[in-house]
**Q** 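Just passing along the structure, written as structure tokens.
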2 protein chains.
Amino acid sequence: MRSSLAERQETEEAGAEAPATPSVRQQAVLDAVLALMVEGGDQLTMDAVARRASCSKETLYKWYGDRDGLLTATVRWQASRVHAGREAVQALDGTSLREHLQDFAVSWLTVITSRTSVALNRIAVAHAGSRKSNLGGIVLANGRFAIGERVKPVLEAGRAAGLLAFADSEAAFRTFFGLVGRDIQIRLLLGEALDLDADEIQRDAGRAVDQFLALYGQANT
Amino acid sequence: MRSSLAERQETEEAGAEAPATPSVRQQAVLDAVLALMVEGGDQLTMDAVARRASCSKETLYKWYGDRDGLLTATVRWQASRVHAGREAVQALDGTSLREHLQDFAVSWLTVITSRTSVALNRIAVAHAGSRKSNLGGIVLANGRFAIGERVKPVLEAGRAAGLLAFADSEAAFRTFFGLVGRDIQIRLLLGEALDLDADEIQRDAGRAVDQFLALYGQANT
DNA sequence: TATCGAGCGTACCGTACGGTACGGTACTAG
DNA sequence: CTAGTACCGTACCGTACGGTACGCTCGATA
């Protein structure tokens, strides 16, 4: 079982911050961390991780250096899964613009309401309080900012097509972000139960898109 | 409460959740906790609190039972300071409605961007992960929900005056909340610097109110 | 004055947890 | 075959922190 990984593709010396995709075994470890995060934030000890992943602590320290390294790798691992590929934006009409926005809203709501995301964000927020190794920065970069970078081209394409009017795409996106997320994320982070099913998310997303278009849309949508 | 001490001077009795206003000395202790929270979340040990407040740990345990009790008391103490009294809503016209909303937006933004609020929310979020004593619930009740209960009557008065149109005041409030807060709180919690000065808050609030009125206002504003 | 209780400072205890060391095992290379 | 590598399991160490115990001072009351 353990020896069957002669794979170890390339040294991880790649680049300052790029941690090379983890091996299958390492992924299993990181998934164990994720699982522990989800089931109560205080179980997240190195012992517990080693037990859950059936590996030795020594291996954990060898692979990740220290606890923070393990957490960082876990955050990156989860981020790498969430990233959907960014498709190129082609010509837009009113309908496809609405669909794009709806998709973004749905996927964002789905992410932030997932138990994994809530647990991960809790860890990152807690960590942000006691500086050292900014998990918070990583989460922001792969969450809020990543989706921003994907939405803004769509907004700009919408503007180019005469469907939207705004001066600053960042500001427009932030409004969109607010209309979609509202109080949901903070309520979840603070422990409220509040689980939305797929239908509710769909409706919520639709409402947010409607409102956004009401604010920024040009008549012909 | 657990304390079977006869001490409790003026005692405010079974207010379900009212913990009797702390004595001056106790307030000093809670302020010390707040100060420690603000300067880095990991310094928050009982030793550090005792040292900072120049009191003995034994006193802390006598007054608050355990660490959670101390944290809970601190959260309540901070909440008791933030609460502005809720003024009654009288007749509204377009101008006064706008002013009311602007005030709410400004005060909310001011609160959530304060270092104290950020630190407190971080603690509460972290705590929400490992159940036991829901600081999260208290923070939510005194933050998001408290302001909701203060805004909704204003919205309803606005509707009664024909200035606003909506079916569900809760839903309308949540949109308002989203337009005001957008991504600010999560970015702060995750550690971004991002400090807004008074002018920026004023402008942000104004933009949010404009957008809200654009969505829910009846022509005559 | 003597007594009492609130509370400060410090020393102490138990334990949980991050991190290290080491022996044993399965597999590979030569 | 031997030597080497990668890893598991477990035992171990040091320390930080929650919680407790105790002696002391100070002010109030009689």
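We use all heavy atoms of the structure for the numbers below, so side chains are in, but hydrogens, waters and symmetry mates are not.
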**Q** Hey, does B/Gln26 have a side-chain heavy atom less than 4.5 Å from the side chain of B/Trp77?
**A**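 Contact flag for B/Trp77/B/Gln26 side chains = no.
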
**Q** Rounded off to whole Å, could you give me the OH-to-P distance for the B/Tyr64 and C/dG7 pair?
**A**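 One finds 11 Å between P of C/dG7 and OH of B/Tyr64, rounded.
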
**Q** Salt bridge or not between B/Glu170 and A/Arg182? Use side-chain N to carboxylate O under 4.0 Å.
**A**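 No, B/Glu170 and A/Arg182 are not salt-bridged.
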
**Q** I'd like to know if the side chain of B/Asn134 reaches the main chain of B/Gly136, judged simply by a donor and an acceptor atom lying under 3.5 Å from each other, with no hydrogens or angles considered.
**A**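 Such a contact is absent between B/Asn134 side chain and B/Gly136 backbone.
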
**Q** Quick one, A/Tyr64 with A/Thr72, criterion side-chain hydrogen bond (donor to acceptor under 3.5 Å, both in side chains). Give me CA distance, side-chain angles, the key distance, then yes/no.
**A** CA-CA 9 Å; A/Tyr64 303 107; A/Thr72 303; over 6 Å; no

**Q** Got a salt bridge between B/Glu192 and A/Arg144, using NZ or NE/NH1/NH2 to carboxylate O under 4.0 Å?
**A**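 A/Arg144 and B/Glu192: not salt-bridged.
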
**Q** Return a single string for nucleotides 8-22 of chain C, one symbol per nucleotide in 5' to 3' order, where B is base contact, S is sugar-phosphate-only contact and - is none, cutoff 4.0 angstrom on heavy atoms.
**A** BB-------SBBBBB

**Q** Determine yes or no for a side-chain-to-main-chain donor-acceptor pair under 3.5 angstrom, with A/Gln102 supplying the side chain and A/Glu99 the backbone.
**A**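 Looks like no, no N/O pair under 3.5 Å.
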
**Q** Give the dot-bracket string for DNA chain D, reading 5' to 3', where a pair is Watson-Crick or G-U wobble with both distances under 3.5 Å, ( ) marks pairs inside the strand, [ ] marks pairs crossing earlier ones, | marks a partner on another strand, and . marks unpaired.
**A** ||||||||||||||||||||||||||||||

**Q** Under 3.5 Å, is there a donor-acceptor pair between the side chain of B/Ser117 and the main chain of B/Thr113?
**A**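 A pair under 3.5 Å: no.
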
**Q** Under 30°, 30 to 60°, or over 60°: which ring-plane class applies to B/Phe166 and B/Tyr216, parallel, tilted or perpendicular?
**A**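 If you compare the ring of B/Phe166 with that of B/Tyr216, the planes turn out perpendicular.
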
**Q** Is any side-chain N of the basic residue among B/Asp195 and B/Arg115 closer than 4.0 Å to the acidic one's carboxylate O?
**A**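 A salt bridge is absent here (no side-chain N lies under 4.0 Å from a carboxylate O).
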
**Q** Say whether, by atom type as modelled, one donor and one acceptor occur between the side chain of B/Thr59 and the main chain of B/Cys55 under 3.5 angstrom.
**A**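 Pair absent, no side-chain N/O of B/Thr59 close to backbone of B/Cys55.
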
**Q** For DNA chain C, which residues of residues 31-39 of chain B approach it to below 4.0 angstrom with any heavy atom?
**A**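 Residues of residues 31-39 of chain B under 4.0 Å from DNA chain C: none.
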
